[in-house]
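Quick caveat, the model's predicted, so the values are computed rather than measured. Chain letters run A, B, ... following the sequence lines, proteins first, then strands; residues in each count from 1.
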2 protein chains.
Amino acid sequence: MSATWPDTMSFKSFSQRVNLTKSSFYGELYAMHDFSIRNQRIAVKNLQTICESTFLLANELGFQAMTLRQLSRQTGMSMGGLYAYIKSKDDLAELIYSFLNRYCVEVISDLIKDNLSADKTLVALIHSHLYLSELLQPWFYFAYMETKNLSKAHKRVAINSELSMEILLFETIKKGLDDTDFIIKPSSDEKAQLIASLIKAMLQDWYLKSWKYKKRKISVDNYADMVVDMSLGYLKRG
Amino acid sequence: MSATWPDTMSFKSFSQRVNLTKSSFYGELYAMHDFSIRNQRIAVKNLQTICESTFLLANELGFQAMTLRQLSRQTGMSMGGLYAYIKSKDDLAELIYSFLNRYCVEVISDLIKDNLSADKTLVALIHSHLYLSELLQPWFYFAYMETKNLSKAHKRVAINSELSMEILLFETIKKGLDDTDFIIKPSSDEKAQLIASLIKAMLQDWYLKSWKYKKRKISVDNYADMVVDMSLGYLKRG
DNA sequence: GTCTATACAACGATAGAC
DNA sequence: GTCTATCGTTGTATAGAC
């Protein structure tokens with residue numbers, strides 16, 4: 001996750017570059033928070049079980065409706081065992097949310113370092129957001145649906161990070177207008193911002209309705225192409 | 001809600017046509033379900049209070065997290081008083097969901113009776129969906145976010161009605177391709193369906209992120225124009 | 001038609017054994 | 001590091017007075 005991004009990005013090449021394996025991913029989660037469990041091998045394995053069970057239950061019933069007794073049954077751990085990893089039920093939601101946030105910021109900020117032209121940056125932003133949400137679909141879905149359950153402080157972070165992708169899109173569109181890569185008539189910041197919002201709505205639908213797209217056998221690459229076509233089509237046409 | 005729709009539809013003209021007043025709306029809700037309360041005037045007033053309080057709490061905390069004690073406080077009614085209107089907490093969610101569903105089917109089916117050209121139908125579908133969700137924003141938001149809390153039977157209804165708007169869009173796009181109003185290259189049903197999904201994602205963002213658009217002072221008419229431009233732009237360009 | 005008072009199940013959380 | 005047993009709280013729901 002360091003060299004510049006290639007001009008055409010596929011899900012396959014993205015996955016290879018990010019190189020997200022379960023053990024490295026949950027290893028980072030373990031490293032971030034300081035858990036009372038000292039044995040890393042055991043802790044990482046249990047963290048994975050806890051997170052995946054939470055997604056299974058929360059994405060079916062909602063996080064609030066999910067009880068810790070259900071989670072205990074699903075993970076095969078006891079209530080006491082669970083509480084070795086989480087301070088409270090709310091803490092579990094915040095653990096998941098803040099790790100995802102930190103992880104994504106890392107990947108995306110790595111992406112935009114390269115100083116590409118506006119249209120290439122826009123394409124790269126669309127692709128990488130879709131690919132990242134494809135790799136971490138349950139995490140993205142959970143973060144979107146369960147923001148309500150976060151504490152006030154975390155809620156503010158959630159809203160900011162929700163907006164940061166939109167700001168990136170917006171600034172790229174503005175850059176494209178300045179460089180006359182893009183045309184909007186009549187041109188205005190409000191309009192550029194609205195386009196950014198609409199692009200983000202399309203990006204979010206990929207992980208919010210993933211069951212639908214899987215069922216229709218639409219690949220993330222197909223989806224990305226269509227979003228790019230609609231966005232750039234509009235921006236290049238004027 | 002009977003005559004044909006005008007060629008250009010604004011939120012104002014839509015509102016006048018649908019003529020949705022609180023008393024008529026909650027009157028219909030009272031008529032649909034049979035409540036034990038015989039005094040219609042009292043019942044309609046209380047139903048409005050209950051629904052609006054539910055939206056206030058559920059859209060802030062989530063429906064599951066909202067307790068009936070909180071709802072009792074918010075409505076100014078006692079627990080016993082509430083239970084004169086609902087059989088259970090889940091019943092409340094289903095009451096809200098199924099009434100919204102019935103109401104929307106009525107309005108939308110009324111709309112597509114007119115046999116307009118594909119592009120006019122598409123514009124009409126986009127406008128009327130946005131306007132309806134603007135008039136009933138808390139209802140739409142609730143229905144989207146709280147589908148998880150419905151019973152299995154209601155969940156299936158929810159998914160079907162979620163798809164029905166998409167099917168309408170899809171069939172309109174296909175009609176436009178047959179009539180060569182629209183161009184997609186290479187043309188395929190999969191692609192037409194994907195466009196329908198993306199349009200719906202943009203429509204949903206209007207009521208899911210309404211706080212954001214209100215804050216930016218973007219009117220539903222502005223939003224509708226942009227969605228139409230992006231959709232028709234793509235479909236007319238090929 | 002609405003209230004107060006209460007039943008009782010289920011929840012999150014913890015202490016202490018192992 | 002994990003389990004069992006248990007605490008206190010809070011939730012949904014109802015019975016009976018008014």
Euclidean distance, atom [atom1] of residue [X] to atom [atom2] of [N] [Å, nearest integer]:
{"X": "A/Met79", "N": "D/dC3", "atom1": "CE", "atom2": "C1'", "answer": "12 Å"}
{"X": "B/Asp91", "N": "D/dA13", "atom1": "CG", "atom2": "P", "answer": "9 Å"}
{"X": "A/Ile86", "N": "C/dG12", "atom1": "CD1", "atom2": "P", "answer": "9 Å"}
{"X": "A/Leu92", "N": "C/dG12", "atom1": "CG", "atom2": "C1'", "answer": "13 Å"}
{"X": "A/Met77", "N": "C/dG12", "atom1": "CE", "atom2": "P", "answer": "16 Å"}
{"X": "A/Leu82", "N": "D/dT2", "atom1": "CG", "atom2": "P", "answer": "10 Å"}
{"X": "B/Leu68", "N": "C/dT2", "atom1": "CG", "atom2": "C1'", "answer": "16 Å"}
{"X": "A/Gln64", "N": "D/dT10", "atom1": "CD", "atom2": "C1'", "answer": "13 Å"}

[X] and [Y]: side chain donor to acceptor below 3.5 Å:
{"X": "B/Glu52", "Y": "B/Gln48", "result": "yes"}
{"X": "A/Thr49", "Y": "A/Asn46", "result": "no"}
{"X": "A/Gln193", "Y": "B/Lys212", "result": "no"}
{"X": "B/Ser53", "Y": "B/Arg73", "result": "no"}
{"X": "A/Tyr97", "Y": "A/Ser161", "result": "yes"}
{"X": "A/Tyr83", "Y": "A/Ser78", "result": "no"}

By a strict heavy-atom criterion of less than 4.0 Å, which residues belonging to residues 29-55 of chain B are in contact with DNA chain D? none
Does OP1 or OP2 of C/dT14 have a side-chain N or O of A/Tyr83 closer than 4.0 Å? no
Whether A/Tyr85 contacts D/dT2 is assessed here as follows: a side-chain N or O lying under 4.0 Å from the phosphate OP1 or OP2. Is that the case? yes
Suppose we call a contact any N or O donor and acceptor under 3.5 Å apart; does that hold for the side chain of B/Arg69 and the base of D/dT10? no
A cation-pi test, strictly: NZ or CZ of B/Lys89 under 6.0 Å from the centre of the six-membered ring of B/Phe63 and no more than 45 degrees from its axis. Yes or no? yes
Relative to the 5' end of DNA chain C, which residue comes earlier, A/Gly80 or A/Gln70, by the nucleotide with the nearest heavy atom? A/Gln70
Determine the contact category for A/Ser78: base if any of its heavy atoms lies under 4.0 Å from a base atom, sugar-phosphate if only primed atoms, P, OP1 or OP2 are that close, otherwise nothing. base
